[in-house]
2 protein chains.
Amino acid sequence: MVKTLNIIGGKWKPVILHMLASQTLRFGEMRRLIPPISQKMLTQQLRELESDGIINRKVYAEVPPKVEYSLSTLGKTLIPALEALYAWGDNYPDTGGDLKL
Amino acid sequence: MVKTLNIIGGKWKPVILHMLASQTLRFGEMRRLIPPISQKMLTQQLRELESDGIINRKVYAEVPPKVEYSLSTLGKTLIPALEALYAWGDNYPDTGGDLKL
DNA sequence: CGGGATCCTATGCGATACTG
DNA sequence: CAGTATCGCATAGGATCCCG
């Protein structure tokens with residue numbers, strides 16, 4: 001059961017998943033949408049989500065490189081659980097400082 | 001939004017909350033119910049949950065000491081979100097090693 | 001453009017010993 | 001019984017530089 005948290009527990013994973021829930025995105029787009037994230041962390045968290053089967057990674061053999069990320073079928077089943085989390089957070093007394101989603 | 005995860009994100013917090021969801025418990029009882037937890041971690045996570053307003057801590061002025069923990073009203077509102085998480089975990093390909101809840 | 005490799009710091013967590 | 005205090009390792013996460 002703790003495994004669900006292992007999967008979404010990274011500092012940026014919930015944010016990433018929330019973005020991918022509504023659209024397919026390229027690496028650079030995600031960086032722009034989440035300014036405070038370092039590129040290392042973005043890469044790392046994407047790789048973990050991918051190896052957990054939550055997201056798909058599609059590489060286009062082009063120059064310049066192009067990589068698109070999207071939720072996998074399994075990943076989509078996670079959305080309701082994530083939304084329950086976000087919804088609860090909205091009702092929680094704000095402590096400030098969080099990214100607004 | 002990340003704050004919801006800050007609150008339930010500790011290694012043992014989900015387990016603790018799951019136990020408290022169904023009953024009020026004393027410190028020693030919780031230790032017995034979660035054998036692998038160290039007493040330091042149990043104390044620490046309980047303190048954090050308390051300061052986040054998720055659980056209530058009731059101290060009886062007795063000898064020997066007696067302290068009971070229970071979900072606060074706010075804590076109870078968290079249950080649906082937690083259950084969504086657990087439910088998802090149950091459908092996820094098992095990686096083994098987790099506590100069974 | 002989308003990374004990989006390194007280095008470094010902060011935090012999490014566990015084990016152990018002591019206390020009102 | 002229900003903690004507090006201290007130590008030390010392991011991991012997470014940030015900054016920076018390099019590469020096809």
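When reading the values below, keep in mind they use all heavy atoms of this one structure, side chains included, and skip hydrogens, waters and symmetry mates. These numbers come from a predicted model, not from an experiment.
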B:Y69 vs B:F27 aromatic rings, parallel, tilted or perpendicular, using cut-offs 30° and 60°?
tilted
For the pair made of CD in B:Q44 and C1' in D:dC7, what is the distance, rounded to whole Å?
15 Å
Between B:L46 and B:M30, is any pair of side-chain heavy atoms under 4.5 Å apart?
yes
d(CD1, A:I16; P, D:dG13) in whole Å
11 Å
Whole angstrom value for the distance that separates C1' of C:dG2 from NZ of A:K58:
17 Å
Charged N to carboxylate O under 4.0 angstrom, A:E68 versus A:R57?
no
Using only atom types and a distance under 3.5 Å, with no angle test, would you say the side chain of A:E83 pairs donor to acceptor with the backbone of A:P80?
no
Whether A:Q45 contacts D:dG13 is assessed here as follows: a side-chain N or O lying under 4.0 Å from the phosphate OP1 or OP2. Is that the case?
yes
OP1 or OP2 of D:dA2 sitting under 4.0 Å from any side-chain N/O of B:R26?
yes
Rounded to the Å, how far apart are A:L46 CG and C:dG4 C1'?
14 Å
Which whole-number value in Å describes the distance from A:Q39 CD to D:dC17 P?
12 Å
Is there side-chain contact between A:E48 and A:I7, with heavy atoms separated by less than 4.5 Å?
no
Taking for each residue the nucleotide of DNA chain C bearing the nearest heavy atom, is the 5' side occupied by B:S38 or by A:K66?
A:K66
Nearest whole Å is fine: how far is D:dA2 C1' from B:F27 CZ?
6 Å
Within the pair A:R31 and C:dC1, is there a side-chain N or O less than 4.0 Å away from OP1 or OP2?
no
Write down the distance between NZ (B:K11) and P (D:dA10), rounded to a whole number of angstrom.
14 Å
Can you check the B:Y60 OH to D:dC1 C1' distance for me, whole Å?
15 Å
Which listed nucleotide (C:dC1, C:dG2, C:dG14) is nearest to the side chain of A:P64?
C:dC1
For B:P65, report the nucleic acid contact type (base, sugar-phosphate, nothing); a contact means any heavy atom under 4.0 Å.
base
Distance below 4.0 Å between B:K40 side-chain N/O and D:dC7 OP1 or OP2
no
